[in-house]
Amino acid sequence: MKIELSGDIEAFKADRLSDIRKLFQSNVVPSYARFDLALDRGEGSYVWDVAGRRYLDLGGGIAVCSLGHAHPEITDALIEQSRKLLHVSNLYYTKPQGQLAEALVRLIGAGRCFFCNSGAEANEGLFKLARKFGHDTARYEIITTDGSFHGRTLAGIAATGQEKVKKGFEPMVAGFRQVPFNDLDAMRSTISPQTAAILIEAIQGESGITPATVEYLLGLRKLCDENNILLLLDEVQAGHFRTGRFQSWQRLLENAPGADQFSPDAVSMAKSLGGGFPIGAFWVRERYADVLSAGTHATTFGGTPLGCAVALKILEVIERDQLADHARQLGDFMKAEAQRLIRKFPAVLKEVRGVGLMIGLEFRTDAPGFRGNAKTPAVQVVERLHAAGVLTIPAATSVIRILPALNLIQSEAIEGLHALETVIASLEA
Ligand SMILES: *Cc1c(COP(=O)(O)O)cnc(C)c1O
(Lines give C-alpha, C1' and ligand atoms only; values in the text may rest on other atoms or scores of the structure.)
Protein backbone atom coordinates (compact mmCIF):
# COMPACT_ATOMS: atom_id res chain seq x y z
CA MET A 1 0.00 0.00 0.00
CA LYS A 2 1.30 3.38 -0.96
CA ILE A 3 0.84 6.07 1.65
CA GLU A 4 -0.31 9.35 0.19
CA LEU A 5 1.23 12.29 1.92
CA SER A 6 -0.39 15.62 1.37
CA GLY A 7 1.88 17.27 -1.15
CA ASP A 8 5.62 16.92 -1.29
CA ILE A 9 6.70 16.50 2.33
CA GLU A 10 10.28 17.44 1.53
CA ALA A 11 9.26 20.70 -0.02
CA PHE A 12 6.69 21.47 2.66
CA LYS A 13 8.27 23.63 5.28
CA ALA A 14 5.98 24.51 8.14
CA ASP A 15 8.13 27.34 9.29
CA ARG A 16 5.48 29.88 9.98
CA LEU A 17 3.37 29.87 13.13
CA SER A 18 0.20 29.77 11.03
CA ASP A 19 1.40 26.69 9.11
CA ILE A 20 2.41 24.89 12.29
CA ARG A 21 -0.84 25.79 14.00
CA LYS A 22 -2.66 24.28 11.01
CA LEU A 23 -0.72 21.01 11.36
CA PHE A 24 -1.80 20.82 14.98
CA GLN A 25 -5.41 21.73 14.22
CA SER A 26 -5.79 18.82 11.83
CA ASN A 27 -3.54 16.23 13.43
CA VAL A 28 -2.92 16.71 17.15
CA VAL A 29 -5.42 15.82 19.89
CA PRO A 30 -6.62 19.20 21.15
CA SER A 31 -6.08 18.34 24.83
CA TYR A 32 -3.80 21.32 25.43
CA ALA A 33 -4.78 24.99 25.33
CA ARG A 34 -1.61 26.29 23.68
CA PHE A 35 -0.29 29.81 23.56
CA ASP A 36 0.15 31.28 20.11
CA LEU A 37 3.89 30.62 19.99
CA ALA A 38 5.87 28.09 17.98
CA LEU A 39 9.33 27.57 19.40
CA ASP A 40 12.20 26.49 17.25
CA ARG A 41 15.46 26.48 19.19
CA GLY A 42 17.04 27.45 22.47
CA GLU A 43 20.32 28.30 24.09
CA GLY A 44 20.75 28.61 27.84
CA SER A 45 17.75 30.49 29.22
CA TYR A 46 16.70 31.86 25.84
CA VAL A 47 14.45 30.33 23.21
CA TRP A 48 13.62 31.56 19.71
CA ASP A 49 10.33 31.20 17.94
CA VAL A 50 9.99 30.22 14.29
CA ALA A 51 9.97 33.87 13.26
CA GLY A 52 13.34 34.35 14.96
CA ARG A 53 12.03 36.32 17.94
CA ARG A 54 13.92 35.73 21.19
CA TYR A 55 12.31 35.04 24.58
CA LEU A 56 13.79 34.76 28.05
CA ASP A 57 12.54 31.43 29.36
CA LEU A 58 11.59 31.76 33.02
CA GLY A 59 9.36 28.68 32.81
CA GLY A 60 12.08 26.18 32.01
CA GLY A 61 9.64 23.82 30.30
CA ILE A 62 7.64 23.80 33.59
CA ALA A 63 10.61 23.14 35.88
CA VAL A 64 12.16 20.64 33.48
CA CYS A 65 15.10 22.27 31.72
CA SER A 66 17.31 22.38 34.80
CA LEU A 67 20.42 23.40 32.84
CA GLY A 68 18.60 25.49 30.25
CA HIS A 69 18.39 24.68 26.57
CA ALA A 70 20.98 23.02 24.36
CA HIS A 71 23.48 22.65 27.18
CA PRO A 72 26.66 21.45 25.47
CA GLU A 73 27.49 18.94 28.19
CA ILE A 74 24.04 17.36 27.91
CA THR A 75 24.50 17.17 24.16
CA ASP A 76 27.89 15.51 24.64
CA ALA A 77 26.48 13.04 27.18
CA LEU A 78 23.69 12.13 24.74
CA ILE A 79 26.11 11.66 21.87
CA GLU A 80 28.65 9.70 23.89
CA GLN A 81 26.12 7.32 25.46
CA SER A 82 24.20 6.88 22.19
CA ARG A 83 27.38 5.56 20.61
CA LYS A 84 27.44 2.80 23.22
CA LEU A 85 23.85 1.87 24.11
CA LEU A 86 20.55 3.70 23.92
CA HIS A 87 18.50 1.02 25.51
CA VAL A 88 18.61 -2.47 26.85
CA SER A 89 15.82 -4.06 28.82
CA ASN A 90 15.71 -4.31 32.57
CA LEU A 91 16.47 -8.02 32.16
CA TYR A 92 20.09 -6.88 32.40
CA TYR A 93 22.27 -4.63 34.51
CA THR A 94 23.69 -1.37 33.15
CA LYS A 95 26.23 0.86 34.81
CA PRO A 96 24.50 4.25 34.30
CA GLN A 97 21.31 3.08 36.05
CA GLY A 98 23.30 1.73 38.99
CA GLN A 99 25.31 4.93 39.24
CA LEU A 100 22.26 7.17 39.03
CA ALA A 101 20.50 5.17 41.75
CA GLU A 102 23.60 5.49 43.93
CA ALA A 103 23.68 9.26 43.37
CA LEU A 104 20.00 9.67 44.32
CA VAL A 105 20.46 7.52 47.42
CA ARG A 106 23.44 9.64 48.41
CA LEU A 107 21.31 12.79 48.04
CA ILE A 108 18.16 11.53 49.76
CA GLY A 109 19.14 8.80 52.21
CA ALA A 110 19.52 5.04 52.58
CA GLY A 111 17.06 3.40 50.22
CA ARG A 112 16.51 2.16 46.68
CA CYS A 113 15.40 3.68 43.39
CA PHE A 114 13.07 2.64 40.60
CA PHE A 115 13.27 4.37 37.24
CA CYS A 116 10.43 5.26 34.91
CA ASN A 117 9.59 7.93 32.36
CA SER A 118 7.44 10.68 33.86
CA GLY A 119 6.10 12.22 37.02
CA ALA A 120 2.74 10.52 36.73
CA GLU A 121 4.46 7.18 36.30
CA ALA A 122 6.70 7.83 39.30
CA ASN A 123 3.57 8.52 41.36
CA GLU A 124 1.94 5.34 40.03
CA GLY A 125 4.94 3.55 41.50
CA LEU A 126 4.24 5.18 44.87
CA PHE A 127 0.58 4.15 44.68
CA LYS A 128 1.56 0.56 43.96
CA LEU A 129 4.12 0.68 46.77
CA ALA A 130 1.39 1.86 49.17
CA ARG A 131 -1.10 -0.76 47.98
CA LYS A 132 1.44 -3.57 48.29
CA PHE A 133 2.56 -2.30 51.69
CA GLY A 134 -1.01 -2.29 53.00
CA HIS A 135 -2.21 -5.39 51.24
CA ASP A 136 -1.78 -7.99 53.96
CA THR A 137 -3.60 -5.82 56.48
CA ALA A 138 -6.39 -4.89 54.03
CA ARG A 139 -5.27 -1.27 53.79
CA TYR A 140 -5.32 0.51 50.45
CA GLU A 141 -6.38 4.09 51.01
CA ILE A 142 -4.08 7.00 50.14
CA ILE A 143 -4.90 10.43 51.56
CA THR A 144 -3.83 13.43 49.46
CA THR A 145 -4.56 17.14 49.69
CA ASP A 146 -6.74 19.79 48.08
CA GLY A 147 -4.86 21.78 45.45
CA SER A 148 -2.39 18.98 44.83
CA PHE A 149 -1.31 17.73 41.43
CA HIS A 150 -0.04 14.20 40.91
CA GLY A 151 -0.31 13.56 37.17
CA ARG A 152 -2.90 12.71 34.55
CA THR A 153 -3.14 8.93 34.63
CA LEU A 154 -6.35 7.46 36.04
CA ALA A 155 -4.85 6.99 39.49
CA GLY A 156 -3.04 10.33 39.16
CA ILE A 157 -6.29 12.25 38.69
CA ALA A 158 -7.90 10.32 41.54
CA ALA A 159 -4.98 11.43 43.74
CA THR A 160 -5.03 15.02 42.49
CA GLY A 161 -6.99 17.46 44.63
CA GLN A 162 -8.47 19.48 41.77
CA GLU A 163 -11.96 18.84 40.40
CA LYS A 164 -11.08 20.07 36.92
CA VAL A 165 -8.74 17.13 36.20
CA LYS A 166 -11.35 14.55 37.32
CA LYS A 167 -14.32 15.99 35.46
CA GLY A 168 -15.62 13.67 32.76
CA PHE A 169 -13.44 10.75 33.80
CA GLU A 170 -15.55 9.35 36.61
CA PRO A 171 -15.74 6.93 38.27
CA MET A 172 -12.43 7.69 39.92
CA VAL A 173 -9.97 4.94 40.83
CA ALA A 174 -11.01 3.89 44.33
CA GLY A 175 -9.02 4.52 47.46
CA PHE A 176 -8.05 8.21 47.27
CA ARG A 177 -9.37 10.92 49.57
CA GLN A 178 -8.46 14.60 49.74
CA VAL A 179 -8.20 16.86 52.76
CA PRO A 180 -7.18 20.54 53.08
CA PHE A 181 -3.42 21.18 52.70
CA ASN A 182 -1.35 22.27 55.70
CA ASP A 183 -4.15 21.10 58.00
CA LEU A 184 -2.87 18.43 60.34
CA ASP A 185 -6.17 17.97 62.15
CA ALA A 186 -7.97 17.27 58.88
CA MET A 187 -5.41 14.64 58.05
CA ARG A 188 -5.58 13.10 61.51
CA SER A 189 -9.34 12.81 61.47
CA THR A 190 -9.39 11.29 57.98
CA ILE A 191 -7.00 8.43 58.71
CA SER A 192 -9.03 5.23 58.82
CA PRO A 193 -8.25 1.54 59.40
CA GLN A 194 -7.94 1.31 55.59
CA THR A 195 -5.32 4.04 55.26
CA ALA A 196 -2.00 2.86 53.85
CA ALA A 197 -0.31 6.15 52.97
CA ILE A 198 -0.35 9.94 52.88
CA LEU A 199 0.93 11.69 49.76
CA ILE A 200 1.66 15.41 49.53
CA GLU A 201 3.78 17.82 47.51
CA ALA A 202 6.12 19.52 49.97
CA ILE A 203 5.55 22.61 47.82
CA GLN A 204 2.32 22.53 45.82
CA GLY A 205 3.15 23.63 42.29
CA GLU A 206 0.23 23.52 39.86
CA SER A 207 -2.20 25.20 42.22
CA GLY A 208 0.05 28.21 42.71
CA ILE A 209 3.24 27.53 44.75
CA THR A 210 2.25 26.81 48.34
CA PRO A 211 4.92 25.39 50.64
CA ALA A 212 4.06 22.98 53.44
CA THR A 213 4.77 24.38 56.88
CA VAL A 214 7.47 22.87 59.09
CA GLU A 215 4.80 21.85 61.60
CA TYR A 216 2.82 20.11 58.89
CA LEU A 217 5.76 18.08 57.57
CA LEU A 218 6.90 17.06 61.04
CA GLY A 219 3.32 16.44 62.15
CA LEU A 220 2.63 14.19 59.16
CA ARG A 221 5.74 12.17 59.94
CA LYS A 222 4.52 11.66 63.49
CA LEU A 223 1.00 10.76 62.35
CA CYS A 224 2.39 8.21 59.91
CA ASP A 225 4.65 6.69 62.55
CA GLU A 226 1.81 6.42 65.05
CA ASN A 227 -0.49 4.75 62.54
CA ASN A 228 2.10 2.67 60.66
CA ILE A 229 1.31 4.36 57.36
CA LEU A 230 3.67 5.55 54.63
CA LEU A 231 4.58 9.19 54.13
CA LEU A 232 5.00 9.77 50.39
CA LEU A 233 6.32 13.02 48.94
CA ASP A 234 5.77 14.14 45.35
CA GLU A 235 8.89 16.16 44.52
CA VAL A 236 8.33 16.05 40.77
CA GLN A 237 8.18 19.84 40.44
CA ALA A 238 9.84 21.16 43.60
CA GLY A 239 12.78 18.75 43.64
CA HIS A 240 16.22 18.61 42.10
CA PHE A 241 17.96 21.56 43.80
CA ARG A 242 15.35 24.10 42.66
CA THR A 243 14.86 25.25 46.25
CA GLY A 244 18.56 25.24 47.12
CA ARG A 245 18.54 21.69 48.46
CA PHE A 246 18.11 18.46 46.53
CA GLN A 247 14.51 17.96 47.61
CA SER A 248 12.23 20.73 48.77
CA TRP A 249 11.43 19.19 52.15
CA GLN A 250 15.18 19.28 52.89
CA ARG A 251 15.08 23.02 52.33
CA LEU A 252 11.82 23.63 54.16
CA LEU A 253 13.07 21.76 57.23
CA GLU A 254 16.51 23.38 57.27
CA ASN A 255 17.40 24.40 60.82
CA ALA A 256 13.98 23.35 62.09
CA PRO A 257 14.20 21.86 65.59
CA GLY A 258 13.50 18.13 65.54
CA ALA A 259 13.88 17.87 61.78
CA ASP A 260 17.25 16.15 61.53
CA GLN A 261 15.67 12.70 61.85
CA PHE A 262 12.92 13.47 59.31
CA SER A 263 12.64 11.25 56.28
CA PRO A 264 9.74 10.46 54.01
CA ASP A 265 9.16 6.79 53.19
CA ALA A 266 9.18 7.32 49.44
CA VAL A 267 9.70 10.20 47.01
CA SER A 268 8.72 10.67 43.36
CA MET A 269 10.89 12.61 40.91
CA ALA A 270 10.84 13.55 37.23
CA LYS A 271 10.81 16.99 35.55
CA SER A 272 14.31 18.45 36.25
CA LEU A 273 15.88 15.01 36.70
CA GLY A 274 16.53 14.63 32.98
CA GLY A 275 16.75 18.32 32.10
CA GLY A 276 14.37 17.71 29.19
CA PHE A 277 15.18 14.10 28.51
CA PRO A 278 12.13 12.16 29.77
CA ILE A 279 13.03 10.25 32.91
CA GLY A 280 11.23 9.73 36.20
CA ALA A 281 12.15 7.89 39.35
CA PHE A 282 11.04 7.08 42.83
CA TRP A 283 13.14 6.48 45.89
CA VAL A 284 11.95 4.25 48.70
CA ARG A 285 13.41 4.10 52.16
CA GLU A 286 15.58 1.09 52.94
CA ARG A 287 13.04 -0.24 55.44
CA TYR A 288 10.51 -0.69 52.61
CA ALA A 289 12.98 -1.54 49.85
CA ASP A 290 11.61 -5.07 49.41
CA VAL A 291 7.91 -4.17 49.22
CA LEU A 292 8.04 -4.15 45.43
CA SER A 293 9.76 -7.49 44.94
CA ALA A 294 10.79 -9.12 41.65
CA GLY A 295 7.93 -9.22 39.18
CA THR A 296 5.66 -6.71 40.93
CA HIS A 297 6.49 -3.56 38.96
CA ALA A 298 8.19 -2.76 35.67
CA THR A 299 8.36 -0.42 32.70
CA THR A 300 10.09 -1.00 29.37
CA PHE A 301 11.94 2.30 29.12
CA GLY A 302 12.73 2.74 32.81
CA GLY A 303 16.33 3.67 33.55
CA THR A 304 17.73 3.41 30.04
CA PRO A 305 21.47 3.96 29.77
CA LEU A 306 20.77 7.09 27.70
CA GLY A 307 18.39 8.71 30.19
CA CYS A 308 20.57 7.80 33.15
CA ALA A 309 23.74 9.13 31.49
CA VAL A 310 22.01 12.47 30.96
CA ALA A 311 20.68 12.59 34.52
CA LEU A 312 24.14 11.78 35.89
CA LYS A 313 25.69 14.55 33.80
CA ILE A 314 23.13 17.03 35.12
CA LEU A 315 23.91 16.09 38.72
CA GLU A 316 27.62 16.46 38.00
CA VAL A 317 27.19 19.94 36.49
CA ILE A 318 24.87 21.11 39.29
CA GLU A 319 27.41 20.05 41.92
CA ARG A 320 30.45 21.32 40.05
CA ASP A 321 28.88 24.72 39.30
CA GLN A 322 27.28 24.98 42.76
CA LEU A 323 23.88 25.60 41.21
CA ALA A 324 22.01 24.69 44.39
CA ASP A 325 23.48 27.67 46.24
CA HIS A 326 23.02 29.74 43.13
CA ALA A 327 19.30 28.82 42.94
CA ARG A 328 18.92 29.74 46.61
CA GLN A 329 20.61 33.13 46.24
CA LEU A 330 19.06 34.10 42.91
CA GLY A 331 15.68 32.96 44.20
CA ASP A 332 16.10 35.16 47.30
CA PHE A 333 17.01 38.08 45.06
CA MET A 334 14.03 37.57 42.76
CA LYS A 335 11.65 37.19 45.67
CA ALA A 336 12.94 40.38 47.27
CA GLU A 337 12.47 42.20 43.97
CA ALA A 338 8.94 40.81 43.72
CA GLN A 339 8.25 42.12 47.23
CA ARG A 340 9.38 45.52 46.05
CA LEU A 341 6.92 45.28 43.14
CA ILE A 342 4.11 44.44 45.58
CA ARG A 343 4.90 47.61 47.53
CA LYS A 344 5.05 49.63 44.32
CA PHE A 345 1.92 48.16 42.70
CA PRO A 346 -0.33 47.04 45.56
CA ALA A 347 -3.44 47.23 43.35
CA VAL A 348 -2.02 44.67 40.92
CA LEU A 349 0.32 42.30 42.74
CA LYS A 350 -0.92 40.56 45.85
CA GLU A 351 1.64 38.06 47.08
CA VAL A 352 4.89 36.30 46.28
CA ARG A 353 5.42 32.74 47.48
CA GLY A 354 7.97 30.01 47.07
CA VAL A 355 11.53 29.00 47.77
CA GLY A 356 14.63 29.30 45.59
CA LEU A 357 13.82 29.23 41.89
CA MET A 358 10.26 28.07 42.47
CA ILE A 359 8.38 31.32 42.75
CA GLY A 360 4.70 32.12 42.47
CA LEU A 361 3.38 35.64 41.95
CA GLU A 362 -0.26 36.08 42.83
CA PHE A 363 -2.12 38.91 41.12
CA ARG A 364 -5.19 40.76 42.32
CA THR A 365 -8.08 39.51 40.20
CA ASP A 366 -9.70 42.96 40.43
CA ALA A 367 -6.69 44.84 39.04
CA PRO A 368 -7.95 47.43 36.51
CA GLY A 369 -6.06 45.91 33.58
CA PHE A 370 -7.84 42.54 33.83
CA ARG A 371 -11.32 44.01 33.29
CA GLY A 372 -13.38 43.06 30.27
CA ASN A 373 -11.22 40.09 29.33
CA ALA A 374 -12.64 36.57 29.55
CA LYS A 375 -9.21 35.01 30.08
CA THR A 376 -7.99 34.36 33.61
CA PRO A 377 -5.66 36.97 35.11
CA ALA A 378 -2.88 34.35 35.07
CA VAL A 379 -3.21 33.79 31.33
CA GLN A 380 -3.48 37.52 30.68
CA VAL A 381 -0.23 38.18 32.54
CA VAL A 382 1.56 35.33 30.79
CA GLU A 383 0.44 36.66 27.39
CA ARG A 384 1.49 40.21 28.22
CA LEU A 385 4.87 38.81 29.24
CA HIS A 386 5.11 36.97 25.94
CA ALA A 387 4.65 40.28 24.19
CA ALA A 388 7.46 41.61 26.39
CA GLY A 389 9.69 38.67 25.40
CA VAL A 390 9.47 36.51 28.55
CA LEU A 391 8.03 33.03 29.09
CA THR A 392 6.38 32.18 32.42
CA ILE A 393 3.84 29.53 33.48
CA PRO A 394 0.30 30.23 34.66
CA ALA A 395 -1.06 28.45 37.73
CA ALA A 396 -4.61 28.38 39.07
CA THR A 397 -6.48 31.52 38.02
CA SER A 398 -4.28 34.35 39.19
CA VAL A 399 -0.75 33.09 39.78
CA ILE A 400 2.21 33.00 37.44
CA ARG A 401 5.10 30.69 38.14
CA ILE A 402 8.80 31.34 37.70
CA LEU A 403 10.57 27.98 37.35
CA PRO A 404 13.69 28.81 35.35
CA ALA A 405 16.84 26.86 34.64
CA LEU A 406 19.04 26.56 37.72
CA ASN A 407 21.86 28.26 35.79
CA LEU A 408 19.84 31.37 35.02
CA ILE A 409 22.23 34.27 35.59
CA GLN A 410 21.50 37.41 37.54
CA SER A 411 21.44 39.74 34.53
CA GLU A 412 18.83 37.47 32.94
CA ALA A 413 16.79 37.52 36.13
CA ILE A 414 16.97 41.32 36.10
CA GLU A 415 15.88 41.39 32.48
CA GLY A 416 12.88 39.24 33.41
CA LEU A 417 12.03 41.42 36.41
CA HIS A 418 12.12 44.55 34.23
CA ALA A 419 9.66 42.97 31.81
CA LEU A 420 7.52 41.93 34.76
CA GLU A 421 7.53 45.45 36.16
CA THR A 422 6.49 46.87 32.79
CA VAL A 423 3.62 44.39 32.55
CA ILE A 424 2.50 45.05 36.12
CA ALA A 425 2.58 48.79 35.50
CA SER A 426 0.43 48.27 32.39
CA LEU A 427 -2.19 46.52 34.54
CA GLU A 428 -2.59 49.48 36.90
CA ALA A 429 -4.98 51.20 34.53
C1 LIG B 1 4.24 17.69 36.58
C2 LIG B 1 3.88 17.02 37.83
C3 LIG B 1 3.46 15.67 37.85
C4 LIG B 1 3.22 14.88 36.60
O5 LIG B 1 4.40 14.68 35.87
P6 LIG B 1 4.29 14.22 34.35
O7 LIG B 1 5.71 14.03 33.94
O8 LIG B 1 3.59 15.31 33.60
O9 LIG B 1 3.51 12.97 34.32
C10 LIG B 1 3.23 15.08 39.07
N11 LIG B 1 3.38 15.76 40.23
C12 LIG B 1 3.77 17.04 40.25
C13 LIG B 1 3.95 17.73 41.55
C14 LIG B 1 4.01 17.72 39.05
O15 LIG B 1 4.37 19.00 39.09
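Remember, it's 1-based here, ligands and their atoms both numbered in the order they're listed. Values reported hereafter were calculated over all heavy atoms of this structure, with side chains retained and with hydrogens, waters and symmetry mates removed. Starting from 1, each residue takes its place in the sequence as its number.
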- Listing by chain and number, which residues have a heavy atom under 4.0 Å from ligand 1?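 Correct list: Ser118, Gly119, Ala120, Asn123, Phe149, His150, Gly151, Glu201, Asp234, Val236, Gln237, Lys271.
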
Donor-acceptor pairs are to be reported for all side-chain atoms of residues 387-400 against protein atoms at under 3.5 Å, with residues two or more places apart or in another chain.
none

N/O donor to acceptor pairs below 3.5 angstrom from side-chain atoms of residues 102-109, sequence neighbours left out:
| from | atom 1 | to | atom 2 | distance (Å) |
| --- | --- | --- | --- | --- |
| Arg106 | NH1 | Glu319 | OE2 | 3.4 |
| Arg106 | NH2 | Glu319 | OE2 | 3.3 |

- Task: Report the relative orientation of the aromatic rings in Phe262 and Trp249; use parallel for angles under 30°, tilted for 30 to 60°, perpendicular for over 60°.
- Result: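 Answer is tilted, since the angle falls between 30° and 60°.
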
- Arg353 side-chain N/O to Gly208 backbone N/O, donor-acceptor pair under 3.5 Å: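 Side chain of Arg353 to backbone of Gly208, a donor-acceptor pair under 3.5 Å: yes, one is there.
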
- Task: Could you tell me whether a side-chain N or O of Thr144 sits under 3.5 Å from a main-chain N or O of Ala159, the two making a donor and an acceptor?
- Result: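 Side chain of Thr144 to backbone of Ala159, a donor-acceptor pair under 3.5 Å: yes, one is there.
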
- Message: Which residues pass the side-chain hydrogen bond (donor to acceptor under 3.5 Å, both in side chains) test with Arg340, not counting sequence neighbours?
- Response: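 Only Glu337, Glu421 meet the side-chain hydrogen bond (donor to acceptor under 3.5 Å, both in side chains) criterion with Arg340.
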
